[in-house]
Visitor: 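Questions regarding the structure given below will be posed in turn.
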Amino acid sequence: MARVAKKTARGGAAPKLAKVGPGELLTLLDFVRYAVSRFVEAKLAFAHGTTDPVAEAAFLVCEALHLHPDQFESFAHARVTAAEGKTLLDLIHRRVTTRKPAAYLVNKIYMRGLPFYVDERVIVPRSFIGELLDSHFGGDGEVGSLIDDPAAVERVLDLCTGSGCLAILAAYHFPDATVDAVDISKGALEVAARNVGEHGLDERITLHRGDLFAPLRDNKYDLIITNPPYVDAEGMAALPPECRAEPKLAFDGGADGLDVVRRILRDAPDHLTGDGGLICEIGRGRELVDEAFPELPLLWLDTEDSEGEVFWIAAADLG
């Protein structure tokens with residue numbers, strides 16, 4: 001087992017973890033139960049691809065045993081080896097004592113069922129835009145599609161790409177499109193490059209380092225997607241330890257959270273084709289956005305797990 005840290009991310013005494021004797025935990029389900037108890041006991045925060053302690057425990061157990069999360073039920077009652085058990089306990093204990101997001105501990109996250117590499121150079125992906133690409137950008141003139149002919153999308157831009165996951169999902173969704181992905185962080189682009197390569201999309205996705213539209217010159221796009229920094233000053237001060245382990249640059253949206261969003265809305269018209277549009281995630285700042293841009297006919301979109309945290313606006317409505 002890993003040595004227990006003396007301090008937590010909050011600076012207090014490290015939680016005392018229940019001791020586990022030989023043979024007390026046998027199956028995958030046993031280890032999930034143990035993990036859930038420890039996670040609840042330690043009052044961990046869950047906002048990094050899993051939303052509750054059960055889902056997070058199952059995710060960690062599967063990753064440690066090289067199983068896809070969808071395979072958990074098939075092996076829930078299978079026994080683990082002694083060596084595997086030590087690995088699982090170490091992982092569970094590190095999640096509690098370090099308060100790092102689970103994705104960093106296993107360098108993996110899933111979006112729309114696809115695996116992506118992550119580490120501390122990037123925010124852990126949990127954008128709702130991946131789901132919205134599937135639900136609101138259907139092909140063949142599908143009812144509800146935000147673009148008249150998604151099959152005709154030739155160029156997509158992903159601003160603040162981070163790990164590159166949204167750029168990759170967009171490349172899969174629009175198979176005839178090329179994708180530009182921009183981030184200001186060198187480290188983030190290194191992670192994105194790894195993911196682009198692992199998904200075999202090097203010839204379709206181009207990574208750019210720079211501040212928003214700056215490295216793109218006068219390029220125009222049929223679709224711009226972005227999950228920019230949007231946490232306000234009050235929110236930054238209240239971030240849980242898990243979020244403080246992530247790059248501050250990926251969260252900090254200025255005093256009211258809209259610094260980057262304002263710039264994107266200001267400059268997006270110069271980089272959209274006439275039939276294009278912008279989809280932007282803003283978290284729980286809808287009221288502020290509506291107040292700041294009352295003249296814009298923003299269409300707020302819902303997903304299975306969110307309500308009004310992402311907006312769409314057509315190029316024609318941006319002016």
Side-chain angles (χ1 to χ4, degrees), residues 1-18 20 28 31-69 72 84-111 115-127 160-165 183 185-192 194-195 227 229 231 235-252 283:
M1 268 182 218
R3 197 170 68 186
V4 176
K6 294 183 179 179
K7 299 289 183 180
T8 68
R10 291 182 182 273
K16 292 181 180 180
L17 296 165
V20 178
L28 273 68
F31 281 92
V32 167
R33 198 284 309 158
Y34 173 80
V36 170
S37 295
R38 303 289 74 77
F39 294 169
V40 172
E41 180 181 44
K43 298 183 170 126
L44 302 186
F46 307 99
H48 301 82
T50 60
T51 57
D52 61 78
V54 176
E56 180 137 318
F59 165 72
L60 280 177
V61 167
C62 284
E63 284 306 308
L65 299 179
H66 309 289
L67 299 172
H68 190 279
F72 176 78
E84 289 172 336
K86 289 180 180 179
T87 297
L88 290 171
L89 288 176
D90 174 70
L91 195 56
I92 294 164
H93 288 191
R94 282 195 290 138
R95 176 65 180 96
V96 170
T97 57
T98 69
R99 294 295 296 267
K100 286 185 177 182
Y104 286 162
L105 299 180
V106 296
N107 298 121
K108 179 80 69 67
I109 195 71
Y110 291 87
M111 285 192 70
F116 296 95
Y117 173 87
V118 292
D119 62 30
E120 285 87 344
R121 291 172 290 179
V122 296
I123 192 172
V124 178
R126 60 265 204 184
S127 174
C160 309
T161 193
S163 61
C165 57
D183 205 285
S185 166
K186 179 176 180 289
L189 289 175
E190 290 170 350
V191 173
R194 174 170 178 165
N195 282 319
N227 183 17
V231 180
M236 290 296 297
L239 287 176
E242 283 84 351
C243 292
R244 290 184 214 143
E246 299 177 274
K248 179 182 177 182
L249 186 67
F251 287 105
D252 194 350

Visitor: Run R38 and V40 through side-chain contact (heavy atoms from CB on, under 4.5 Å) and show every step you take.
Guide: CA-CA 6 Å; R38 303 289 74 77; V40 172; over 6 Å; no

Visitor: Output, in order, the C-alpha distance, side-chain angles, deciding distance and verdict of side-chain contact (heavy atoms from CB on, under 4.5 Å) for L67 and F72.
Guide: CA-CA 7 Å; L67 299 172; F72 176 78; over 6 Å; no

Visitor: Between N107 and V118 (side chain of the first, backbone of the second, donor and acceptor by atom type, cut-off under 3.5 Å), is there such a pair?
Guide: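 Indeed, once roles are kept as given, a pair shorter than 3.5 Å links the two residues.
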
Visitor: Could I get the full list of ring-ring contact (aromatic ring centres under 6.0 Å, His included) partners for Y110, not counting sequence neighbours?
Guide: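 ring-ring contact (aromatic ring centres under 6.0 Å, His included) list for Y110, sorted by chain: H68.
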
Visitor: Donor-acceptor pair, distance only, cut-off 3.5 Å: does the side chain of N195 make one with the backbone of G164?
Guide: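 Between the backbone of G164 and the side chain of N195 there is no qualifying donor-acceptor contact (under 3.5 Å).
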
Visitor: Please report the interatomic distance NZ(K108) to OH(Y117), rounded to the nearest 0.5 Å.
Guide: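 It comes to 11.5 Å.
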
Visitor: Keeping the roles fixed (side chain from D183, backbone from G162), state whether a donor-acceptor pair exists under 3.5 Å.
Guide: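 Flag set: sc D183 to bb G162 pair under 3.5 Å.
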
Visitor: Considering only heavy atoms from C-beta outward, does the side chain of Y34 approach that of L89 to under 4.5 Å?
Guide: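 Side-chain contact under 4.5 Å: yes.
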
Visitor: Would you find a donor on one side and an acceptor on the other, under 3.5 Å apart, between the side chain of R95 and the backbone of P101?
Guide: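 No; judged by distance alone, with no hydrogens or angles, the pair does not exist.
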
Visitor: Measuring only between side-chain heavy atoms, which start at C-beta, is V191 closer than 4.5 Å to F116?
Guide: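 No - every pair of side-chain heavy atoms lies 4.5 Å or more apart.
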
Visitor: To the nearest 0.5 angstrom, please state how far the CG atom of L88 sits from the CG atom of L60.
Guide: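 L88 CG to L60 CG: 9.0 Å, rounded to 0.5 Å.
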
Visitor: The criterion is salt bridge (Lys or Arg N to Asp or Glu O under 4.0 Å); which residues satisfy it with K248, sequence neighbours excluded?
Guide: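 In terms of salt bridge (Lys or Arg N to Asp or Glu O under 4.0 Å), with neighbours along the sequence ignored, K248 is linked to no residue.
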
Visitor: Could you tell me the separation between the CG atom of D90 and the CZ atom of R94, rounded to the nearest 0.5 Å?
Guide: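 D90 CG to R94 CZ: 5.0 Å, rounded to 0.5 Å.
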
Visitor: Quick one: list whatever passes salt bridge (Lys or Arg N to Asp or Glu O under 4.0 Å) with E84, sequence neighbours left out.
Guide: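 Not a single residue meets the salt bridge (Lys or Arg N to Asp or Glu O under 4.0 Å) criterion with E84.
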
Visitor: Measure the spacing between CG of L249 and CD1 of I123 and express it to the nearest 0.5 Å.
Guide: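 Those atoms lie 10.0 Å apart.
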
Visitor: Verify, without hydrogens or angle tests, whether E242 (side chain) and A45 (backbone) share a donor-acceptor contact under 3.5 angstrom.
Guide: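 Yes, E242 side chain to A45 backbone: donor-acceptor pair under 3.5 Å.
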
Visitor: When you measure from the centre of the six-membered ring of F31, is the NZ or CZ of R33 closer than 6.0 Å and no more than 45° off the axis?
Guide: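 So R33 doesn't make the cation-pi contact.
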
Visitor: So which heavy atom on V36 is nearest to which on A57, and how close?
Guide: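 Closest heavy-atom pair between V36 and A57: CG2-CB, 3.8 Å.
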
Visitor: Could you grab the distance from atom CG of L65 to atom CG of L91, nearest 0.5 Å is fine?
Guide: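 Interatomic distance, L65 CG to L91 CG, rounded to 0.5 Å: 9.5 Å.
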
Visitor: Is any side-chain heavy atom of C160 less than 4.5 Å from a side-chain heavy atom of P229?
Guide: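 They are in side-chain contact.
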
Visitor: Using distance alone, with no hydrogens and no angle criterion, decide if H48 and E246 have a side-chain donor and acceptor under 3.5 Å apart.
Guide: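 Looking only at side-chain atoms, E246 and H48 do form a donor-acceptor pair, the distance falling under 3.5 Å.
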
Visitor: If I compare all heavy atoms of R126 with all of C243, which pair ends up nearest, and what's the gap?
Guide: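 Between these two residues, the closest heavy atoms are NH2-SG, 4.0 Å.
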
Visitor: Can you check whether L44's main-chain N or O pairs, donor with acceptor, with R99's side chain at less than 3.5 Å?
Guide: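 Answer holds: no.
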
Visitor: What is the distance from atom OG of S127 to atom CG of N227, rounded to the nearest 0.5 Å?
Guide: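 CG of N227 is found 4.0 Å from OG of S127.
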
Visitor: Let's go through E190 and R121 carefully: what are the C-alpha distance in whole Å and the side-chain angles of both, what is the deciding distance for side-chain contact (heavy atoms from CB on, under 4.5 Å) to 0.1 Å, and is it a yes or a no?
Guide: CA-CA 9 Å; E190 290 170 350; R121 291 172 290 179; 2.8 Å; yes

Visitor: Of the non-hydrogen atoms in E63 and P69, which two are nearest, and what is the gap between them?
Guide: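 Result for this residue pair: OE2-CD, 4.3 Å.
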
